[in-house]
Amino acid sequence: MECRAMKPIVDGIKNQYNGCMKVERVNFHERTAWRDLLSPFATPEFVLLDSQNDILYRWFGTVETKEFSAVLDPLCKG
């Protein structure tokens with residue numbers, strides 16, 4: 001089951017941060033290498049990884065755009 005309420009926010013993140021990070025969508029219900037790596041706790045869930053695929057930050061549930069911006073903007077302004 002896809003969380004449709006988050007789709008506009010995810011699309012916005014992809015558009016806004018496309019130049020400084022890669023955004024991947026991982027289906028919570030499908031067994032994939034990404035899912036195994038992230039070990040999701042809930043849906044929706046958002047995970048920020050570094051270049052070595054170490055988890056830097058997690059968001060759970062319905063997240064406001066400003067919550068993402070507070071973490072992502074400093075990473076992309078350099």
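Considering only heavy atoms from C-beta on, Asp73 comes within 4.5 Å of Gln16 through its side chain. Two residues are said to be in side-chain contact when any heavy atoms from C-beta on lie closer than 4.5 Å; Ile9 and Val63 fail this criterion. Side-chain contact check for Ile13 versus Val23: some heavy-atom pair is nearer than 4.5 Å. Side-chain contact check for Arg58 versus Ile55: some heavy-atom pair is nearer than 4.5 Å.
Scanning all heavy atoms of the two residues, the minimum distance from Ser69 to Pro74 falls at O-CD, 3.8 Å. Summarising the geometry of Phe60 relative to Glu45, their closest heavy-atom pair is CE2-CD, 3.4 Å, with the distance given to 0.1 Å. Between Arg35 and Glu30, the shortest heavy-atom contact is CD-O, 2.8 Å.
Under the 4.5 Å side-chain heavy-atom criterion for ILVMFWY residues, a single connected hydrophobic cluster contains both Val71 and Val10. No path of Ile, Leu, Val, Met, Phe, Trp and Tyr side chains, each step under 4.5 Å between heavy atoms, connects Tyr57 with Leu49, placing them in separate hydrophobic clusters. Linking Ile, Leu, Val, Met, Phe, Trp and Tyr whenever their side-chain heavy atoms come within less than 4.5 Å puts Trp59 and Leu56 in one cluster. At a threshold of 4.5 Å between side-chain heavy atoms, the hydrophobic network of Ile, Leu, Val, Met, Phe, Trp and Tyr places Leu48 and Tyr17 in one connected group.
Other residues, nucleotides and ligands contribute only 12 or fewer heavy atoms inside 6.0 Å of the CD atom of Glu64.
Applying the disulfide (SG to SG under 2.5 Å) test to every pair with at least one member in residues 15-60, sequence neighbours left out, gives these pairs: Cys20-Cys76.
Relative ring orientation between Phe46 and Phe68 is described as perpendicular, the plane-to-plane angle rising above 60° on a 0-90° scale split at 30° and 60°.
Between the NZ atom of Lys14 and the CE atom of Met21 there is a distance of 13.5 Å, given to the nearest 0.5 Å. The NE2 atom of His29 lies 5.0 Å from the OG1 atom of Thr43; values are rounded to the nearest 0.5 Å.
At distances below 3.5 Å, at least one donor-acceptor pair connects side-chain atoms of Asn15 with backbone N or O atoms of Asp11.
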